[in-house]
Structure formats: C-alpha cells, structure tokens
Student: 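For reference, the structure I am asking about is given below.
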Amino acid sequence: MTHLEKLTAIRSLMKDKGIDGYIIPSSDPHISEYLPDHYKCIAWTSGFRGSAGTLVITQDFAGLWTDSRYFVQGPAQLKGSGFELVKLKVQHAPEFVTWLGEKLSAGSTVAYDGNLASLAVASAVKSILEPLNIKIDGHVDLLDLIWKDRPALPTELAYTLPISITGQSTPDKIAAVRKVLKQKRATSHLISSLDDLAWVLNIRGTDVKCNPVTLGFVFISQDKAILFIDSQKLDKGTAEELQGYGILIKPYEEVRNYLKSLSASETILLDPKRTCFATYDSVPSNVKILEDMNPSTMLKAIKNEVELSHERQAMVNDGVALTKFFKWIEENVASGQLSEMSIADHLRDLRAEQPGFKDISFDTIAGYKDHGALPHYKAEEDSNYSLEAKGLLLVDSGGQYETGTTDITRVISLGDTTQEEKEDYTIVLKGTIEGSMAIFTKGTRGYQIDAITRRPIWATMRNYGHGTGHGVGFFLNVHEGPHTFNGAAVDIAIEPGMVSSIEPGLYREGKHGIRIENLVVSKDIASNQFGDFMDFETITICYIDTHLVEKTLLDQVHIDWLNNYNQWVYESLEAKLSADEAAWLKEKTKAI
C-alpha cells in the first residue's frame, strides 16, 4: 500500500465506525521517544520519519503537527502521502486538539489508540473536547486492521550490568524508589518508561535501535517488585539473578490484568508523561491514582561517582574515534568518494573499534552544506550529498558504550569558507562557551542556562529554534529527563551529578547549519554568605575547529577557554593515538 492508500483505508474505517477525527501519536505503551519497529505508526502511515509529531485525520484533512526541527524535512517526507505539515507554535504542545475542537461539531467522535497516547495527551484531549460535546474513545487501533506485515515485538535477550559498572545495586535502587513512595504516601507504583525500568533493575537490552532498553513494566510496592516481561527475553542466569533480588517475573501482557486486580486500599503512583492512557485506564476506578513523576526519573538523572568515572573514560574512547574520523575526512574529501551516508558508516566503524562499544546512541546527523540547516537530518539514498573540498560539514553523533553514552556535534570547514559562515560559527561557539562557563546558584532551572547560552547569539539578532540542552543517560537513552535547557519554565532544579548537553546553533535554510555541542556535568563549587554555587565540568573530548573562528568576535575570556579546552583534548588523547594522529591533532589544537 502507498501512504495515500493507507490514508484512504483509515478514512474508510473511520466512516464505518463513526469516527470523525483520528489521532496517531508518535509513541508506544512506554511513551518512548525512539520506538520498536512495531510501533513506528507515523512512519508507516505517512512516511514521516522524525522522532516527534502527531498525525490527525478527518475526512477532509490529514495533518502532521510537529516542531521547527522538521519544518523543512517534514514536507519532503510527506510528499504524495495526503498529509500536510502543520507547524507547532510551541514545541510538544497539543495544538492539534484545539484544531479538532474548532473543526468538529458537537456530537462528533474523536478516537485514538490508548497504547500510543500518554496520560498527559489523553487529559488534554478530554479537557478541551469534552466541554464541546465531542465524544472521545481512547481504545481504537485502526492501524492494526490494515497493517498486514506489521513487525512483531522484539524478543532479543536482556542482560544485567554489574555493580562495578552501575555503582549501585538493584536492591538499593528499589529501596530508593520505595523511600520516595513512602514520602508521597503512595502504596505502589508502576514504571512504564523503558529507561526507568533499565535503571532500577540495572538491566539493558536491544529492543529499540540506539537505546539499550528492553520492553517491560515494573510494579513496585513496599513488599513486592514485579517485572512484566516476555520470558524468552531472560536467560536462566538473568532470571535467577533478578529473582534473587526478590523480583517476581510475570508475562509482559499480564500487566493490565494485574492492575485491574488492585484493591481499593491502594494508592498507585503513575507518571502522566510516562504512562500510556490504556495502562492508566486499567486501574479500577476505586483505586486512588497519584499523578507524579516517576521517582526513578530524578534518581537516575543524578549520576553517582562510579558512573561519572566510567563516563569520563567513555569520552576518551569516543574522542579517539572522532579524532581518527575527522583526520580521515580531511585526508580523503578531495577524492570525491565521500558522502554523507558513507562518512556516517565509517564513524560507526571507528567507534566500534573502541572498548565497550555497543551501538550508536542515535542516527548520525551528517549534514553537508544546506543539509546542515536541518537540525534532525538523516541522509538517505535520495538525499545523500557527495562531499567536496568546500563548504561546511555538520556532524552530530554519539555512541553507546557499556561505560557511558556520548552525544557530540562538531562543524568543520572542507574549504572555501565564507565570511558569513565564519561569523555564524564564531557566534555559536561563543554561546557554547558562555553556557559551559556559567556559574549559577543552587536551584537554578534549565531555562536560565538556556538564556545564558543564547545571550551572545541574541545580541547579534540571531536565534535557533530548538532547546539548548537535554539530560543524557548513563549507557541509556541519549535524551533523558527530567531537566532540560530550553525556554520552557520547567520547574526542575539543576542538581550536582546531572549530565547535560550544551548545543546552541544557527541555521540558514538553503545555505548551512552550525551547532557545537559538548556534554557537561553539573557540580558544586562553593558556598558562602551569598548562597551555594555550581558550575559545569565539560566532559566531551574532541577538538573544536579553530579555522572557522573569527577571532575579533570573541572576548579574551572566550579565547582562553577555547585554547585551554583544545589543549586538554590533546593531552587527554595523545597517548591513545598513533604518532601521525597525535601530530595531526596537535596542529588542530594549536592556540589561537
């Protein structure tokens, strides 16, 4: 079936079932950002392959609501599908619900598959549409009726990590969750999000590309812990280890029946952003539901010293791979044999040579020239540029190592740099440095770091449409909450031990894109009569290209930071490089 035929089939089913508006979120029963193939519903339906968006279908309109990261990429992927791009004004806002309320008349019916919608989305649908006398059905999966070759759920083995890697045992993590439940006066808790499950049980898997997680749910009460998982995903040793911690193992598909059996005396904590509506709706009406953030979400965001020690080593290994990669590009670009796809493949191969490598942490963004202006670009056969010895190349990439997760963006000149490119690059670099050097009081929120980072960019009347940074997991998801560095007033304080990205950018559609990204660890630095102060330790180890720097746009403090950073990169990597590679890197890290 073509995408247009799929849309026609969905509309036919909607007509048969009396559905006037159908919503397809980009998610799964675990409210994941990156999905198993079985749940890539938006890609299958419309052809759009971005990681964020919502499809809405009526009989006379079909739209994809998504944010500015996909304003260029979206229309290209939707071409001929029958779907049109609708630009979100506010990232992640359920603006499609308001649109449905305006377009549909009283008595209409809106439906969605509750396995794909978070409780937060379901609540927005209910609160906006019910007062308009629009009926809602959150238990309708139209796709399964027409998706004849739908991929099965993954069955690969899961495995546990030793305490020498994690720094904290599974029983201790369960105890930490129980402590928070007791404080909140909840008797039980269901974890649906896969990275929270992975952290609590010190378990990893390969069920989602680039994310070392396994499909499952965890139920925790003061005297019970149950893992709901496909039993074939646990070998005998792993099952016995988990059972030794007092964890019961039940079939994956039994979780909702278990919730239905809860007694009226229970108060269950569910995270509205990380629990799907179908799971929420399984809880009996006489059971009290406490809607709050998963306790593990904050606990895993604050890395312990063992994790941070491993993470720093992973950064060394990643830096070695990246040094080899950029040297190889410089030496081979004139051959005409390099392309966006081939360099992404080669970078993966170089990372795979490093100790503990498991996978890349997301699809590499290798954007040459105007493709660099697409923040979430992924080269494919029909868009794959060949590289030449001119223009800018943006590479945003990362690795999953058993000892940490990396995420880094660099921009290099392949030749013939313009003054505009140099100015844009230097202004973005100034933002990266300002964010990295920030000193702030304890209790500072992410939106304040976002503003600090943007200040030198705003000063030139420039801006970028994405957030400045996100949390990063420890050998887990490359995007991790609960904190974030963006303009939203998220009321989560930056805590010592959080690993975050700082990644400002500038994008000129049809020309070039700039983004310079490092990972940082937040840490305490001083306490005095004025308060408690924190700053960031930069942990990404890869040279920042100085050939693109317009030195007159930098203050001395920025020049000093850049020179010190590049010198530290050289000193950190020299011993792990060949003599030729070390000499090349020494030249790249010369002070300006």
Student: Tell me if a side-chain donor or acceptor on S46 pairs with a main-chain N or O of A43 at a distance below 3.5 Å.
Tutor: no
Student: Can a salt bridge be assigned to the pair R150 and D37 using a cut-off of 4.0 Å between side-chain N and carboxylate O?
Tutor: no
Student: Does T444 reach the main-chain N or O of T441 with its side chain, forming a donor-acceptor pair under 3.5 Å?
Tutor: yes
Student: Checking K126 against Y280: charged group under 6.0 Å from the ring centre and within 45 degrees of the axis?
Tutor: no
Student: Evaluate the side-chain proximity of S193 to D271: yes if any heavy-atom separation is below 4.5 Å, no if none is.
Tutor: no
Student: Step through the shown structure and confirm whether more than 12 heavy atoms of other residues, nucleotides or ligands are within 6.0 Å of NZ on K184.
Tutor: no
Student: Could you label the plane-to-plane angle of the H139 and F277 rings as parallel, tilted or perpendicular, counting under 30° as parallel and over 60° as perpendicular?
Tutor: tilted
Student: Please say which of R204, K209, R348 ends up in a salt bridge (Lys or Arg N to Asp or Glu O under 4.0 Å) with D359.
Tutor: R348
Student: Taking W199's backbone N and O only, do any of them form a donor-acceptor pair with K173's side chain (distance below 3.5 Å, no angle check)?
Tutor: yes
Student: Please check if the side chain of T432 supplies one atom and the backbone of I516 the other of a donor-acceptor pair under 3.5 Å.
Tutor: yes
Student: Is E95 reaching over with its side chain to a backbone N or O of K89, donor-acceptor style, under 3.5 angstrom?
Tutor: yes
Student: Taking the six-membered ring for Trp, are F440 and F536 parallel (under 30°), tilted (30 to 60°) or perpendicular (over 60°)?
Tutor: tilted
Student: Could you check whether any side-chain N or O of H310 sits under 3.5 Å from a backbone N or O of S164, counting only pairs where one atom can act as donor and the other as acceptor?
Tutor: yes
Student: Check T405, V472, N211 against N477 for a side chain to side chain contact (heavy atoms under 4.5 Å, CB included) and give me the one that passes.
Tutor: N211
Student: Using modelled atom types only, decide if a donor and an acceptor are shared between the side chain of S118 and the backbone of K273 within a distance under 3.5 Å.
Tutor: no
Student: With a 6.0 Å cut-off on the ring centroids, do Y70 and F48 count as close?
Tutor: yes
Student: For the residue pair F357 and Y401, does the interplanar ring angle fall in the parallel (under 30°), tilted (30 to 60°) or perpendicular (over 60°) class?
Tutor: perpendicular
Student: Kindly give the heavy-atom pair with the smallest separation between L290 and A186, and that separation in Å.
Tutor: CD2-CB, 4.2 Å
Student: Between the main-chain N or O of R445 and the side-chain N or O of Q448, is there a donor-acceptor pair closer than 3.5 Å?
Tutor: yes
Student: Salt bridge check, K300 against E480: does any charged N sit closer than 4.0 Å to a carboxylate O?
Tutor: yes
Student: For K442, which of D532, D535, D524 qualifies under salt bridge (Lys or Arg N to Asp or Glu O under 4.0 Å)?
Tutor: D524
Student: Please find the pair of heavy atoms, one from S221 and one from R178, that lie closest to each other, and give the distance.
Tutor: O-NE, 2.6 Å
Student: So L201 and Y245, do their side chains get closer than 4.5 Å, heavy atoms only?
Tutor: no
Student: Can you tell me how the ring of H479 sits relative to the ring of H376, calling it parallel under 30°, perpendicular over 60° and tilted otherwise?
Tutor: parallel
